[in-house]
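For reference, the structure discussed in these notes is given below.
In the text below, chain A, chain B and the rest are named by the order of the sequence lines, each starting its count at 1.
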2 protein chains.
Amino acid sequence: MSEASVPTGDELLKILSALGNPHRLRIVAALTEGRNYVSALAREIGMGRPLLHMHLQRLEAAGLVTGSLELSESGKAMKYYELVDFSYTLTPGLVAALAPTLPRDAKPADPGDQAAERQHQTTVKESSG
Amino acid sequence: MSEASVPTGDELLKILSALGNPHRLRIVAALTEGRNYVSALAREIGMGRPLLHMHLQRLEAAGLVTGSLELSESGKAMKYYELVDFSYTLTPGLVAALAPTLPRDAKPADPGDQAAERQHQTTVKESSG
DNA sequence: GACACCTGTCAAAGCAAACTGACACATGTC
DNA sequence: GACATGTGTCAGTTTGCTTTGACAGGTGTC
């Protein structure tokens, strides 16, 4: 099953700008092989941990990946990221339909469109002890 | 009929980064109502002509819109832009398939992947005299 | 010629994103 | 304790996109 194919304009924008980056595309590609934790993923792709961390946050904020902080058998905390099985069909029609729901200019005088925040879901599991 | 749904990694990146901008999404949305020329479009959307010009170039480079310099009845040169009926389905699989064809780091020492340029097609028509 | 409309481009400024290095913290092993 | 591995975050630089204003054409009309 895939993600909802009809997001809001704001969400679509976040998705597109999140994927509009070579590093992030590569990260998504690497995660199709399975979930992985940050440090290992950084080595695999060949980029610094702080940088990868930022990109992963961007992808998570767009709802394209999910991170879960787990405890390894040895007791070390490791943050595993995995792909969300998304599926969005880009067409002029979709853009036209969602464009009206785009934030104008972040005008401070425009209540009612707020409270649209989305909190990062970071599950915490324990795998044995 | 829609555009090819399987571009190269480089093209996908251009498409995504082109659409990952609120102004450009709005431009695409405005063009779904029909073709229009730059100055009129600038007034309709409410942005400067030079700025709109740049955004249109970005969209054209990504193959999402097409521009054609035509001559109006009065003889004035007007650049009309219209939408390309694209359709791309974003999935992890697509990204994984195209990621290997992404340009590494624009390394100068890597021939063979070049000559992949794409020239902007700018038709010139004459409507009457 | 002056005006209104269209086109295109350039340089400088402004701003957001990307990137790096260093720090603080925790755990298991030698 | 020293070391290697994992986590997260922060400050500062660098890079690149975005934006603006000004300029240089072109045409038709008054």
Can you tell me if the side-chain N/O atoms of [X] get under 4.0 Å from OP1 or OP2 in [N]?
X      : N       : value
H55(A) : dA17(C) : no
N21(B) : dT18(D) : yes
S39(B) : dT7(C)  : yes
H23(B) : dC17(D) : no

When you get a sec, tell me which of [options] is the closest nucleotide to the side chain of [X]?
X      : options                  : result
Y37(B) : dT7(D), dG21(C), dT7(C)  : dT7(C)
P50(A) : dG8(D), dA22(C), dC6(C)  : dA22(C)
M54(A) : dT19(D), dC19(C), dG6(D) : dC19(C)
R58(B) : dG8(D), dT7(D), dT18(D)  : dT18(D)
Q57(A) : dC5(C), dC19(C), dT9(D)  : dT9(D)
K76(A) : dT5(D), dT7(D), dC17(D)  : dT5(D)

State, with a plain yes or no, whether a side-chain heavy atom of [X] is found less than 4.5 Å away from one of [Y].
X      : Y      : value
L25(B) : L19(B) : yes
R35(A) : S68(A) : yes
L52(B) : V38(B) : yes

Whole-Å gap separating [atom2] ([N]) and [atom1] ([X]):
X      : N       : atom1 : atom2 : answer
E70(A) : dT5(D)  : CD    : P     : 21 Å
R49(A) : dT5(D)  : CZ    : P     : 10 Å
Y80(B) : dG8(C)  : OH    : P     : 13 Å
L71(B) : dT7(C)  : CG    : P     : 12 Å
L13(A) : dA17(C) : CG    : C1'   : 14 Å

**Prompt:** What about L64(B) and M54(B), same hydrophobic cluster or not, with Ile/Leu/Val/Met/Phe/Trp/Tyr joined at side-chain heavy-atom distances under 4.5 Å?
**Reply:**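 Different clusters: L64(B) never reaches M54(B) through Ile, Leu, Val, Met, Phe, Trp or Tyr contacts under 4.5 Å.
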**Request:** Look at all strands and tell whether M47(B) reaches a base, only sugar-phosphate, or nothing, counting heavy atoms closer than 4.0 Å.
**Result:**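 The residue M47(B) makes no contact with any strand.
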**Asked** What class does the angle between the rings of Y80(B) and Y37(B) fall in, given that below 30° is parallel, 30 to 60° is tilted and above 60° is perpendicular?
**Response**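 Rings of Y80(B) and Y37(B): perpendicular, as their planes differ by over 60°.
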**Asked** With nearest nucleotides of DNA chain C determined for S74(A) and V38(B) from heavy-atom distances, which residue corresponds to the more 5′ nucleotide?
**Response** V38(B)
